[in-house]
Protein chains: 2
Amino acid sequence: MINTRVAVAVHILALIASKPHEDLPSDYIAASVNTNPVVIRRLLGMLKKAGLIQTTAGKAGASLTRPPSDISLLDVFRAVEPKDHLFAVHDNPNPHCPVGKSIRHVLDDAFGTAQAALERKLSSETIETILHHLFEEE
Amino acid sequence: MINTRVAVAVHILALIASKPHEDLPSDYIAASVNTNPVVIRRLLGMLKKAGLIQTTAGKAGASLTRPPSDISLLDVFRAVEPKDHLFAVHDNPNPHCPVGKSIRHVLDDAFGTAQAALERKLSSETIETILHHLFEEE
DNA sequence: ATACCCTGTAATTATAATAGTTACAGGTGG
DNA sequence: CCACCTGTAACTATTATAATTACAGGGTAT
């Protein structure tokens with residue numbers, strides 16, 4: 001199971017996007033997510049490093065660097081998840097076994113294809129579509 | 001990152017499928033994977049419970065219950081990964097916050113769609129295609 | 001029947017990731 | 001200057017994973 005960082009980061013961005021004229025302190029966001037403010041500040045740091053938001057040390061409030069429609073869940077995923085391989089593959093299979101010899105390469109290919117499909121879908125969902133689902137019931 | 005169980009399980013099934021007339025003991029498979037035989041026997045247990053293989057207590061060797069072309073990586077994934085949600089979502093967001101109130105449902109939807117894309121791809125890769133890539137260079 | 005190799009599984013351990021928390025240095029702005 | 005904030009290091013608790021030891025009991029050849 002993938003950690004909650006992606007989910008919390010989307011929550012954070014949705015909050016910021018939904019109140020573009022308010023400066024939300026990390027304590028406020030933490031109360032909405034129901035966690036510790038430091039957890040929020042850590043995630044804000046990763047989102048900032050990824051170029052998705054801007055913040056000012058000492059001053060409450062973060063703002064998106066681009067419109068919500070230009071921030072995909074894939075952007076968020078990559079911002080808070082350093083690993084580029086979704087599936088782990090065991091190290092050092094026996095190189096003298098015909099299966100062990102090539103399995104890593106073959107699995108990397110197979111898993112990579114599947115991961116690409118996941119990422120394609122994640123890139124089609126944005127903070128805007130999340131906001132839409134949050135606020136516009138249909 | 002998803003654990004190595006999926007990768008090891010595919011390795012195991014590829015070995016079994018590639019030597020259908022040999023009774024491979026767990027020690028042999030463990031030597032190819034480069035891990036402990038108990039790790040292999042545990043995975044064989046999960047694959048058996050999922051109906052993908054047959055084994056006999058006390059007797060070496062496992063056999064596939066269906067042709068390699070009928071065992072997809074999704075079957076393997078589901079056999080060794082009990083969780084049905086790929087992405088974790090934080091519990092107890094603040095129900096008094098308009099974002100917190102609905103975020104879980106919205107995220108479950110968004111992540112579920114992405115997971116479905118991943119699974120669709122995984123279901124199109126089989127032990128047979130893995131064998132093909134392992135042994136038939138092109 | 002017995003000796004040997006095997007499976008199935010429980011129990012234990014080591015390691016690593018995650019999330020929560022405390023603490024504090026330093027920026028911001030009334 | 002003072003209250004409030006961010007950024008970040010450090011520590012802790014919890015959990016998942018994988019490796020390992022141990023052993024009860026099945027299978028089979030002799």
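Numbers restart at 1 for each chain; the letters A, B, ... are given by sequence-line order, proteins then strands. Model, not experiment: these values are computed from the prediction.
Taking atom NE2 on B/H90 and atom P on C/dT18, their separation rounds to 17 Å, with Å as the unit. In this entry the distance linking CZ of A/R41 with C1' of D/dC5 reads 8 Å, nearest Å. Atom CD in B/E81 sits about 11 Å away from atom C1' in D/dT17, given to the nearest Å. As rounded to whole Å, 16 Å separates atom P of C/dA17 from atom CD1 of A/I2.
Backbone-only engagement by B/N3 is indicated by non-hydrogen atom pairs under 4.0 Å involving sugar-phosphate atoms exclusively. Counting any heavy atom pair closer than 4.0 Å across all strands shown, B/R5 reaches sugar-phosphate atoms only and no base atom.
Closest to the side chain of B/A57, from the set C/dG20, D/dT20, C/dT7, is C/dT7. The side chain of B/T55 lies closest to C/dG8, out of D/dT20, D/dT6, C/dG8. Each of C/dT21, C/dC6, D/dC5 was ranked by its minimum atom distance to the side chain of A/N36; first place goes to C/dT21. Nearest nucleotide to the side chain of A/T35, out of C/dG20, D/dG27, D/dA19: C/dG20.
When B/L131, B/L134, B/I29 are each tested for a side-chain contact (heavy atoms from CB on, under 4.5 Å) with A/V99, only one passes: B/L134. Across A/L44, A/I130, A/I127, a single residue satisfies side-chain contact (heavy atoms from CB on, under 4.5 Å) together with A/L13, and that is A/I127.
Residue-to-nucleotide proximity on DNA chain D shows that, of A/K48 and A/R42, the 5′-proximal contact is made by A/K48.
Considering only side-chain N and O atoms, A/T4 lies under 4.0 angstrom from the phosphate OP1 or OP2 of C/dA19.
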Only distances under 3.5 Å count here; give the side-chain donor-acceptor pairs of residues 84-95 of chain A to other protein atoms, sequence neighbours excluded, each with its distance to 0.1 Å.
unit_1, atom_1, unit_2, atom_2, d
A/H90, NE2, B/H11, ND1, 2.9
A/D91, OD1, A/R104, NH1, 3.4
A/N94, OD1, A/H96, N, 2.7
A/N94, OD1, A/H96, ND1, 3.4
A/N94, ND2, B/A31, O, 3.4

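Remark: the A/T113 side chain and the B/K121 side chain contain no N/O donor-acceptor pair separated by less than 3.5 Å.
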